[in-house]
Amino acid sequence: MTSPLSTPASAPVEATGSAASPKPTTPPDTPRKSARHRELGAAGALMTPFFILLVTVFLIPVATAVWLSFFSDDQPGLGFGPERTVFVGLRSYTAVLSDPTFLSGLGTVVLYCLIYIPVMVIGALALALLLDSGVVRLRSWAQLGLFLPHAVPGIIAAVIWLYLYTPGLSPVIDLLGKADITIDFLGVHTVVPSIVNIALWSNLGYNMVVFYAALQAVPREVIEASVVDGAGPVRTALQVKTPLVRSSVVMVAMFTLIFALQLFTEPMLLSQSTPMISSRFSPSMYIYDAAFTRNNYGLAAAASVVLLVLTIALSYGVTRWTNRSNAPEEDVR
């Protein structure tokens, strides 16, 4: 006979055993990892189009230019044999850097940058400060009028100014002639300032809009405090507003430098009306002439790489100089 106490005695043992059995638990960091994976997936999906464009329109062309710069077309047999592509190493780079026309083009671009960049940055910033100060009435119409030339394509802008620079066609030259003022806008000493004028007319309004947008982000409390302290409009603009938009000034100066080094459209069109602009007036025109006039793609590729390296070096120098200039201010703060 089974004791009635045996059944209750076995129950606690089974209950205890079932309670002691391990249960599968979820690691506490699994939700965090899954959220991290979702963030990385979203970032990758958003950045993929950028990297595709970067590789397609920048890295592949740069790699192709570097590859072409090490080769050249050669015709053996005093030029009567079949044309073949041969490896020439750094010969194209040596030819570019020793070519006086390329070095003269670099000097022209340096002169162009020394005139164009300061006038562009200071002029655009001055216009933006005037609009932000409220001195100019009909502010929105003034912004539209200043920005409108930027909407005109560069080629059309160059054609317009070519018409205004050409004697016998230009109403400006005729008007100055009636006042006994003779100016050759395409002369040896005025051709670079004339090109600067075209670039200013096209891009001044765009950079003004960039500065004006940056000034709108300046806290109004800071400006009101400077007025309470007795600062006038000029002092407020130069000592309060301008330092607060310094990052925008650096950005505009850097982009202006990059585009100025690629000077091509304006002198290419103006070269049709003046002998002062040769086919190798700027490095970009030198590259165009080497590739499409002399059919020397290796030389054109080498000049392109030299111009690219120069642009990167100058941009890096501007960035480093800006960071060093900001360091003392951050230490003072």
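Residue numbers run from 1 in the order of the sequence given.
Residues Ser98 and Ala95 share a closest heavy-atom pair of OG-O, 3.4 Å. Here the shortest heavy-atom pairing between Val152 and Ala157 reads CG1-N, 3.9 Å. Between Leu164 and Pro171, the shortest heavy-atom distance links the atoms CD2-CD, 4.1 Å. Closest approach of Ala301 to Ala65, counting heavy atoms only: CB-O, 3.2 Å. Residues Arg220 and Leu215 share a closest heavy-atom pair of NH2-O, 2.9 Å. In terms of heavy-atom proximity, Met120 sits nearest to Asn203 at CE-CB, 3.5 Å.
For Phe292, the ring-ring contact (aromatic ring centres under 6.0 Å, His included) criterion is met by Tyr288, not counting sequence neighbours. By the side-chain hydrogen bond (donor to acceptor under 3.5 Å, both in side chains) test, Ser279 is found to be paired with no residue, residues two or more places apart in sequence or in another chain being considered. Considering only residues two or more places apart in sequence or on other chains, Leu90 meets the side chain to side chain contact (heavy atoms under 4.5 Å, CB included) condition with Phe70, Tyr93. In this structure Arg36 satisfies the side-chain hydrogen bond (donor to acceptor under 3.5 Å, both in side chains) test with no other residue, sequence neighbours excluded. In this structure Glu221 satisfies the salt bridge (Lys or Arg N to Asp or Glu O under 4.0 Å) test with no other residue, sequence neighbours excluded. Here Leu106 pairs with Phe102, Leu103, Pro283, Leu310 under the side chain to side chain contact (heavy atoms under 4.5 Å, CB included) rule; sequence neighbours left out. Partners of Thr311 according to the side chain to side chain contact (heavy atoms under 4.5 Å, CB included) rule, which considers only residues two or more places apart in sequence or in another chain, are Ile258, Leu261, Leu307, Ser315. In terms of the ring-ring contact (aromatic ring centres under 6.0 Å, His included) criterion, Phe259 has no residue partners (sequence neighbours excluded).
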Self-check item: Audit row: Ile183, Ile173, side-chain contact (heavy atoms from CB on, under 4.5 Å) steps and yes/no
Solution: CA-CA 7 Å; Ile183 298 179; Ile173 295 179; over 6 Å; no
Practice problem: Before giving the answer on side-chain contact (heavy atoms from CB on, under 4.5 Å), spell out for Ser282 and Val109 the whole-Å C-alpha distance, their side-chain angles and the decisive distance to 0.1 Å. | Solution: CA-CA 6 Å; Ser282 67; Val109 167; 4.0 Å; yes
Exercise. Report the C-alpha separation of Val210 and Phe255 in whole Å, then their side-chain angles, then the decisive distance to 0.1 Å, and conclude whether the side-chain contact (heavy atoms from CB on, under 4.5 Å) test is met.
Key: CA-CA 12 Å; Val210 174; Phe255 287 163; over 6 Å; no
Quiz prompt | Stepwise side-chain contact (heavy atoms from CB on, under 4.5 Å) check, Val96 with Leu299 | solution = CA-CA 7 Å; Val96 168; Leu299 188 68; 3.3 Å; yes
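Rounding to the nearest 0.5 Å places CG of Asp132 at 12.0 Å from CE of Met208. Distance check, rounded to the nearest 0.5 Å: CE of Met285 to OG1 of Thr265 gives 10.0 Å. Note that CD1 of Ile122 is 8.5 Å distant from CG of Leu125, once rounded to the nearest 0.5 Å. Rounding to the nearest 0.5 Å places CH2 of Trp201 at 4.5 Å from CD1 of Ile160. Taken to the nearest 0.5 Å, the OG atom of Ser278 stands 8.5 Å off from the CG atom of Asp289. Atom CD of Gln272 and atom CG of Leu186 lie 12.0 Å apart (nearest 0.5 Å).
Looking only at distances, no side-chain donor or acceptor of Thr56 sits under 3.5 Å from a matching main-chain atom of Leu53. One N or O on the side chain of Ser133 and one on the backbone of Leu130 form a donor-acceptor pair closer than 3.5 Å. Proximity of a side-chain donor or acceptor of Thr256 to a complementary backbone N or O of Val252 within less than 3.5 Å is detected. Side-chain atoms of Ser170 never come within 3.5 Å of backbone atoms of Thr166 as a donor-acceptor pair (strictly under, hydrogens ignored). Remark: side-chain polar atoms of Ser271 are paired, donor with acceptor, to backbone N or O of Met268 under 3.5 angstrom.
For CD1 of Ile155, the number of neighbouring non-hydrogen atoms (other residues, nucleotides, ligands) closer than 6.0 Å is 12 at most. At most 12 heavy atoms of other shown residues, nucleotides or ligands fall within 6.0 angstrom of atom OH in Tyr316.
At a threshold of 4.5 Å between side-chain heavy atoms, the hydrophobic network of Ile, Leu, Val, Met, Phe, Trp and Tyr places Leu238 and Leu127 in two separate groups. Linking ILVMFWY side-chain heavy atoms closer than 4.5 Å, directly or via other members, places Val62 and Leu59 in a single hydrophobic cluster. Under the 4.5 Å side-chain heavy-atom criterion for ILVMFWY residues, a single connected hydrophobic cluster contains both Ile117 and Tyr112. Both Ile312 and Met251 are members of a single hydrophobic cluster when ILVMFWY side chains are connected at heavy-atom separations under 4.5 Å. Under the 4.5 Å side-chain heavy-atom criterion for ILVMFWY residues, a single connected hydrophobic cluster contains both Phe58 and Met47.
Listed by first and then second residue, the salt bridge (Lys or Arg N to Asp or Glu O under 4.0 Å) pairs involving residues 93-104 amount to none (not counting sequence neighbours). Screening residues 203-233 for ring pair (Phe, Tyr, Trp, His ring centres under 6.0 Å) gives His150-Tyr206 as the qualifying pairs, with residues at least two apart or on separate chains.
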Let me check something: any side-chain donor-acceptor pairs from residues 187-198 under 3.5 Å, sequence neighbours excluded? List them with distances.
| unit_1 | atom_1 | unit_2 | atom_2 | d |
| --- | --- | --- | --- | --- |
| Thr190 | OG1 | Asp184 | O | 2.4 |
| Thr190 | OG1 | Phe185 | O | 3.4 |
| Thr190 | OG1 | Gly187 | N | 3.0 |
| Ser194 | OG | Phe185 | O | 2.4 |
| Ser194 | OG | Thr190 | O | 2.8 |
| Asn197 | ND2 | Tyr165 | OH | 2.9 |

For residues 223-235, dump all side-chain donor-acceptor pairs below 3.5 Å to protein atoms at least two apart in sequence or in another chain.
| unit_1 | atom_1 | unit_2 | atom_2 | d |
| --- | --- | --- | --- | --- |
| Ser226 | OG | Ile223 | O | 2.6 |
| Arg235 | NE | Gln239 | OE1 | 3.1 |

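Looking only at side-chain heavy atoms (C-beta outward), Val306 and Tyr286 stay at 4.5 Å or farther from each other.
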